[in-house]
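Read the structure below first, then the notes.
Only a predicted model underlies this, so the values are computations on that prediction, with no experimental measurement involved.
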Amino acid sequence: MTASSTQAAPLPMRHLAYAVSAPLPLGPAGLPETRSTTTVEPGVTMTRIVRGAFDPSTPWVVELSIPSGRTSPDPDAPPRSVQDRGSADDLVRRLTASGFDARSEAVRQPAVADVPAGVIGYRVRTTSTFTSRADAAAYVTRLQAAGFAARTWYAGWDGASPAKGQWSINVLTIDPREFRGHLGASFGPDLVNRETTTAIGEYAHARAAVNGGFFVLDPKAGAPGDPAGVGVYGGLLESETVAGRPALVLDDRARQTRIARPVWKGTVQAGSSTLELDGINRVPGLIRNCGGDPGDQPTDHPVHDTTCTDPNELIAFTDAYGPSTPDGPGSEVVLDRNDRVVRVAAERGTTLQPGQRSVQATGNLTQIVSALRPGHIARLGLSLTEANGANLIRPGTTVVNGGPQLLRDGAAYITQGTDGMVHPTDPSFAYGWVLQRNPRTFAGADAAGRTLLVTVDGRQPDQLGLSVPEEARVAQALGMRDAMNLDGGGSTAMSLDGRLVTHPSDASGERPVGDAIVIR
């Protein structure tokens, strides 16, 4: 364990059994693997799989970074470390001239559903390796003193390597034939404030909870805690889609868990005019993960961990948003349960009473909203449908955002490009986010119709994590037919009866998140 690791609480074992099945496809053949299963409640089990063991021969290395001026408060944001061959070779020459031995290494992207195999760029590492992080950090200090940017890195986290080491995986399985509880998701008391997965589970009176979808973290990207993608909770649409991205659709009784790529539409009708909404329950002008409409800049396609902008937007708000709607220039109209205007403000920012909704306008749409008057009808229309037209805004339905998809009909189907996990001008993103090992959370269903919610610890020498291709292979090995990635990294967490059973990768412990999938 590293100094930043947090020890998980022991499992509340009610029933212990050891399952016999094919080993997980991780590391070389012959690694030891144990599985222990506990019954959480009728129809719900939690299986912990531990494969391999800490390998003291795996070294720490030092990897050079590319100064970029890019800053992010997100601790999961990968540094820029992949560049073209010529730049990498030039960096090696400069390191050598300064007395440091280094080499450039090709970074290879494996073929997935929508990205071909190939070399995406080159990383530069020193040829010296180290037995401890402290020794590697001392070498980084020497490099920095010479004017180079670098980081320490544990070689076991390289996703392309056939590493020895240890993996810890937790699997919640919900069998609809025996399950008598409720399966859904919660964002806690409101959308705009983050809580830990454990706290959200306690708020929802849940027996078990797993972190859910992507969310806003940086206040410059919107309201922290706001889902960065579609969200349906308790049958109510509270967040719009990132266009084209997959979503996890859950049934209250766990009868039909599936992966969908829903389409949303929102309108506000005022008099003879019908205007399209740009979003629901988010700060106007800021579109986290992009995937909005053609007016957004720089793109309306999904781009993960990127914030697109649009100065002219109409955003609807529900009373789930928070203590008050976002303030700022523009206009806002407040509607009662019957879509009747109760007040109009020349500035944005107000408190909504239970059952009230509002519409905010910015830029060239401001005057349209400010022209409304109390007593007018401004009818809101919200829809969220699957490709076959099935309605997803209905009682008992939950929809949680994520991506990329991992499996379709039992076969690997990684939609890395479609879902925005490729940044064309920055190969470092795919390198750090997709190809290297990280903590992961994923979910889906198996051929028997059971729902599986899976967390994988990582970013510790004794908890290696998974690359996205490895994640898909593990999903297959667990018998899943359809699966998708949810939020991971420092967000990965699972709790049982209010106790954390995963190992947080953040130095501060369990990370507050936007929402969580709950079993109650």
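With rounding to the nearest 0.5 angstrom, the CG atom of Asp252 is 5.5 Å from the NE2 atom of His182. With values rounded to the nearest 0.5 angstrom, Asp135 atom CG is found 11.5 Å from Trp60 atom CH2. Summarising the geometry, atom CE belonging to Met484 is positioned 5.5 Å from atom CD1 belonging to Ile259; distances are rounded to the nearest 0.5 Å. The distance from atom CD of Glu105 to atom CZ of Arg123, rounded to the nearest 0.5 Å, is 4.5 Å. Note that the OG atom of Ser186 and the CG atom of Asp515 stand 8.0 Å from one another [nearest 0.5 Å]. From Ser505, atom OG reaches atom CZ of Arg459 across 4.5 Å, with rounding to the nearest 0.5 Å.
When all heavy atoms of Pro246 and Gly403 are compared, the closest pair comes out as CG-CA, 3.9 Å. Across Glu195 and Gly188, no two heavy atoms sit closer than the pair OE1-CA, 4.1 Å. Taking both residues in full, the closest heavy atoms of Thr398 and Ala185 are given as CG2-CB, 3.5 Å, listed atom of the first, atom of the second, then distance. Shown here for Ala243 and Pro302, the closest heavy-atom pair between the two residues is O-CG, 3.1 Å. What you find for Cys290 and Val303 is that their closest heavy atoms are CB-N, 4.0 Å. Of all the heavy atoms in Val474 and Leu466, the pair that sits closest is CG2-CD1, 4.0 Å.
Judged as a side chain to side chain contact (heavy atoms under 4.5 Å, CB included), and not counting sequence neighbours, the contacts of Ala443 are Leu248, Leu453, Leu486. Every residue meeting the side chain to side chain contact (heavy atoms under 4.5 Å, CB included) condition with Asp251, not counting sequence neighbours, appears here in chain and number order: Arg253, Arg255. For Ala493, the side chain to side chain contact (heavy atoms under 4.5 Å, CB included) partners are Thr197, Leu500, Thr502, Glu510, not counting sequence neighbours. Among residues two or more places apart in sequence or in another chain, the side chain to side chain contact (heavy atoms under 4.5 Å, CB included) test is passed with Thr96 by Val92.
Under the 4.5 Å side-chain criterion, counting only non-hydrogen atoms from C-beta, Asp409 is in contact with Arg481. Side-chain contact between Asp305 and Phe214: absent, with no pair of heavy atoms (C-beta onward) separated by less than 4.5 Å. A heavy-atom distance below 4.5 Å is not found between the side chains of Thr39 and Met46. Contact of the Pro227 side chain with the Tyr233 side chain is registered, since non-hydrogen atoms from C-beta on lie closer than 4.5 Å. Looking only at side-chain heavy atoms (C-beta outward), Val44 and Thr173 stay at 4.5 Å or farther from each other. Using a 4.5 Å cut-off on side-chain heavy atoms (C-beta onward), Glu471 and Val468 make contact. Two residues are said to be in side-chain contact when any heavy atoms from C-beta on lie closer than 4.5 Å; Pro439 and Asp457 fail this criterion. Considering only heavy atoms from C-beta on, Thr126 comes within 4.5 Å of Leu64 through its side chain.
Trp433 carries Arg440 over the face of its six-membered ring, with the cationic atom under 6.0 Å from the centre and within 45° of the normal.
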Problem set entry | Trace of the side chain to side chain contact (heavy atoms under 4.5 Å, CB included) decision for Gln476 with Leu407 | CA-CA 8 Å; Gln476 284 179 307; Leu407 304 180; 3.4 Å; yes
For this session: Test Phe187 against Ser239 for side chain to side chain contact (heavy atoms under 4.5 Å, CB included), laying out the working first.
Result: CA-CA 11 Å; Phe187 48 76; Ser239 183; over 6 Å; no
Problem set entry | Steps toward side chain to side chain contact (heavy atoms under 4.5 Å, CB included) verdict (Val422, Phe429) | CA-CA 7 Å; Val422 174; Phe429 186 84; over 6 Å; no
Exercise. Run the side chain to side chain contact (heavy atoms under 4.5 Å, CB included) check on Ile519 and Val40 step by step: do they pass?
Worked result: CA-CA 10 Å; Ile519 301 169; Val40 179; over 6 Å; no
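Side-chain N or O atoms of Trp167 include one that pairs as donor or acceptor with a backbone N or O of Gly465 at under 3.5 Å. With hydrogens and angles disregarded, no donor-acceptor distance shorter than 3.5 Å links the side chain of Ser87 to the backbone of Gln83. The main-chain N or O of Pro504 is found under 3.5 Å from a side-chain atom of Gln460 such that the two form a donor-acceptor pair. Counting only distance, with no hydrogens or angles, the side chain of Thr415 and the backbone of Gln405 share a donor-acceptor pair below 3.5 Å. When atom types are taken as modelled, the side chain of His301 and the backbone of Asp419 share no donor-acceptor pair closer than 3.5 angstrom. In terms of modelled atom types and a separation under 3.5 Å, the side chain of Thr241 and the main chain of Val230 share no donor-acceptor contact. A donor-acceptor pair is defined here as one N or O able to donate and one able to accept, closer than 3.5 Å; such a pair exists between the side chain of Glu33 and the backbone of Leu24. A donor-acceptor pair under 3.5 Å is formed between the side chain of Gln166 and the backbone N or O of Asp462. Without hydrogens or angle criteria, Asn438 side chain to Gln436 main chain gives a donor-acceptor distance under 3.5 Å. With hydrogens and angles disregarded, no donor-acceptor distance shorter than 3.5 Å links the side chain of Arg520 to the backbone of His205.
Inspection of the Asp506 and Ser508 side chains reveals no N or O donor paired with an N or O acceptor under 3.5 Å. Residues Thr47 and Thr37 bring a donor and an acceptor atom of their side chains to less than 3.5 Å of each other. A donor and an acceptor atom, one from each side chain of Arg133 and Tyr154, are nowhere located under 3.5 Å apart. No side-chain donor-acceptor contact under 3.5 Å links His304 and Arg288.
One finds no salt bridge joining Arg93 and Asp89 here, because no Lys/Arg side-chain nitrogen approaches an Asp/Glu carboxylate oxygen to under 4.0 Å. By the 4.0 Å N-to-carboxylate-O rule, Arg499 lies too far from Asp497 to be salt-bridged with it. Salt-bridge check for Asp482 with Arg258: failed, with every basic side-chain N at 4.0 Å or more from each acidic carboxylate O. With salt bridges taken as basic N to acidic carboxylate O contacts below 4.0 Å, one links Asp158 and Arg125.
With Thr441 as reference, Asn211 is the one residue of Asn170, Asn485, Asn211, Asp487 to meet the side chain to side chain donor-acceptor pair (under 3.5 Å) rule.
For residues 81-100, the set of pairs meeting the ring pair (Phe, Tyr, Trp, His ring centres under 6.0 Å) definition, not counting sequence neighbours, comprises Phe100-Tyr139. Counting only residues at least two apart or on different chains, the salt bridge (charged side-chain N to carboxylate O under 4.0 Å, His left out) pairs with a member in residues 427-438 are Arg437-Glu470.
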